[in-house]
Amino acid sequence: MDTEERERYVEDVLSLVERIPPGRVMSYGAIADHVGRCGPRRVGNVLATDGGGVPWWRVVRTDGSLPPSHERRALEHYRVEGTALRGRAVGDAGATRVDMARAAWSPAS
DNA sequence: GCAATGACTGGTA
DNA sequence: TTACCAGCCATTG
């Protein structure tokens with residue numbers, strides 16, 4: 001893949017993430033599917049590398065689990081934005097996940 | 001060019 | 001419910 005292609009892909013992903021409204025989330029797979037280029041692993045890599053400028057915490061796995069390395073930080077944002085969560089007690093990171101049924105969002109909406 | 005790696009996913013146990 | 005396995009795709013050594 002050429003550098004230009006990669007940058008364009010990164011830009012598409014980032015702009016899409018920026019469009020996710022507060023309190024909503026999207027899965028890696030959904031983003032990859034919408035961008036229509038390569039798979040979800042690429043999306044994760046993009047966010048890990050260039051996701052510093054976008055609300056990356058609004059991107060989760062399809063089952064609602066948070067990125068293993070940043071779940072604590074993401075939880076803080078969810079609490080502030082009022083994102084629908086499900087699972088254990090409030091304030092207990094443990095197995096807390098996003099309630100995809102209520103928080104899932106798509107650019108087509 | 002090949003092997004390993006990763007913020008993934010879906011199916012099976 | 002969690003755990004493990006086999007695909008998947010681009011980057012990296």
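Residue numbers begin at 1 in each chain, while the letters A, B, ... track the order of the sequences.
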*A/Arg6 has an atom CZ; how far is it from atom C1' of C/dA10, in whole Å?*
9 Å

_Let me confirm one number: the CD-CG distance from A/Glu7 to A/Asp50, rounded to the nearest 0.5 Å._
8.5 Å

_Interatomic distance, A/Asp33 CG vs C/dC9 P [rounded to whole Å]_ = 13 Å

*Taking the side chain of A/Arg61 as heavy atoms from C-beta outward, which of B/dT9, B/dG6, C/dT2 is closest to it?*
B/dT9

*Please check the phosphate of B/dC8 (OP1 and OP2 only) for any side-chain N or O of A/Ser27 closer than 4.0 Å.*
no

*Phosphate oxygens OP1/OP2 of C/dT1: is one of them under 4.0 Å from a side-chain N or O of A/Arg86?*
yes

*Quick one: A/Arg41 CZ to B/dT9 C1', roughly how many Å, whole number?*
9 Å

_Heavy-atom neighbours of A/Glu18 CD exceed 12 at 6.0 Å_ = yes

*Nearest-Å distance, OH (A/Tyr9) to P (C/dC9)?*
11 Å

*What is the distance, rounded to the nearest whole Å, between atom CG of A/Asp12 and atom C1' of C/dA10?*
16 Å

*Tell me which of A/Ala30 and A/Arg42 sits closer to the 5' end of DNA chain B, going by the nucleotide each one is nearest to.*
A/Arg42

_Nearest-nucleotide pick for A/Cys38, side chain only, options being C/dC9, B/dA7, C/dT11_ = C/dC9

*Under 4.0 Å between a Lys/Arg side-chain N and an Asp/Glu carboxylate O for A/Arg72 and A/Glu76?*
yes

*Grab the CE-P distance between A/Met26 and B/dT9 for me, whole Å please.*
11 Å

*asked:* Can you give me the closest heavy-atom contact between A/Val43 and A/Ala32, atom names plus distance?
replied: CG2-CB, 3.7 Å

*To the nearest Å, how far apart are A/Leu47 CG and C/dA10 P?*
16 Å

*Quick one: do the A/Glu81 and A/Trp57 side chains pair a donor with an acceptor below 3.5 Å?*
yes

_Measuring only the P atom in each nucleotide, how far is B/dA7 from C/dG7? A whole number of Å is fine._
22 Å

*Euclidean distance, atom CG of residue A/Asp63 to atom P of C/dA3 [Å, nearest integer]*: 12 Å

*Counting heavy atoms from C-beta on, name the nucleotide in B/dG10, C/dT1, B/dA7 closest to the side chain of A/Thr62.*
B/dG10

